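Data first, discussion second: the structure below is written as structure tokens.
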Amino acid sequence: QVHLVESGGGLVQPGGSLRLSCAASGRTFTNYVMAWFRQAPGKEREFVAAIGHGGGTTYHEDAVKGRFTISRDIAKDMVYLQMNSLNAEDTAVYLCACARESVLYTTRRMYAYWGQGTQVTVSS
């Protein structure tokens with residue numbers, strides 16, 4: 001079992017920035033692909049970004065490419081999502097997920113473990 005806990009969400013003005021963190025524990029962290037998803041009220045959960053085992057490969061969805069950056073610190077068992085130039089469309093619960101895979105999947109079903117999420121609200 002892998003346990004994931006997100007933090008760093010909050011209320012931010014349009015154009016502002018936030019850095020989300022995901023703390024992993026319970027299993028060998030380096031064997032898992034990590035990802036961020038988000039889910040707005042009444043909408044389906046959507047993929048945001050993923051990062052490989054060693055942190056050398058990343059993939060960001062087009063909607064956030066150039067604004068969001070996923071990274072990981074293996075020594076600290078941490079995954080981050082730096083979010084810049086936020087707008088109202090980014091408002092959602094952001095969830096951290098992990099998969100015992102070698103491919104950076106974008107589909108929810110490939111990720112076995114999930115955190116509870118952290119709320120990000122972008123509003124003036």
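All heavy atoms count here, side chains included; hydrogens, waters and symmetry mates do not. Positions are given from 1, in the same order as the sequence printed here. Because the structure is a prediction, the values reported are computed rather than measured.
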Say you draw a straight line from [atom1] of [X] to [atom2] of [Y]; how long is it, rounded to the nearest 0.5 Å?
X   : Y    : atom1 : atom2 : result
I51 : L104 : CD1   : CG    : 8.5 Å
Q13 : N87  : CD    : CG    : 13.0 Å
D73 : Y80  : CG    : OH    : 5.0 Å
F37 : E44  : CZ    : CD    : 12.5 Å
S71 : M34  : OG    : CE    : 11.5 Å

Side chain to side chain contact (heavy atoms under 4.5 Å, CB included) between V120 and L20, worked out:
CA-CA 9 Å; V120 172; L20 306 183; 4.0 Å; yes
Would you be so kind as to tabulate the donor-acceptor pairs closer than 3.5 Å made by side chains of residues 4-11, with sequence neighbours excluded?
| residue | atom | partner | partner atom | Å |
| --- | --- | --- | --- | --- |
| E6 | OE1 | Q116 | N | 3.2 |
| E6 | OE1 | G117 | N | 2.8 |
| E6 | OE2 | C96 | N | 2.7 |
| E6 | OE2 | G117 | N | 3.3 |

Kindly give the heavy-atom pair with the smallest separation between [X] and [Y], and that separation in Å.
X    : Y    : answer
V2   : C98  : CG1-SG, 3.6 Å
L86  : L18  : CD1-N, 3.9 Å
Y32  : H53  : C-CD2, 3.2 Å
M78  : S21  : CE-CB, 3.7 Å
Y111 : W114 : O-NE1, 3.0 Å
A40  : A92  : N-CB, 3.8 Å

Could you check L81 against R19 for side chain to side chain contact (heavy atoms under 4.5 Å, CB included), going step by step and ending with a plain yes or no?
CA-CA 6 Å; L81 185 68; R19 191 190 193 206; over 6 Å; no
Main-chain N/O of I70 paired to H60 side chain as donor or acceptor, under 3.5 Å:
yes
Look only at the side chain of R72 and the backbone of G52, and say whether a donor-acceptor pair between them is shorter than 3.5 Å.
yes
Per the salt bridge (Lys or Arg N to Asp or Glu O under 4.0 Å) rule, what does the pair list look like for residues 78-95, sequence neighbours excluded?
R38-D90, R67-D90
Can you find a pair of side-chain heavy atoms, one from [X] and one from [Y], that are under 4.5 Å apart?
X    : Y   : answer
Y105 : F47 : no
T118 : V93 : no
Q82  : F68 : no
V79  : W36 : yes
Q39  : Y94 : no

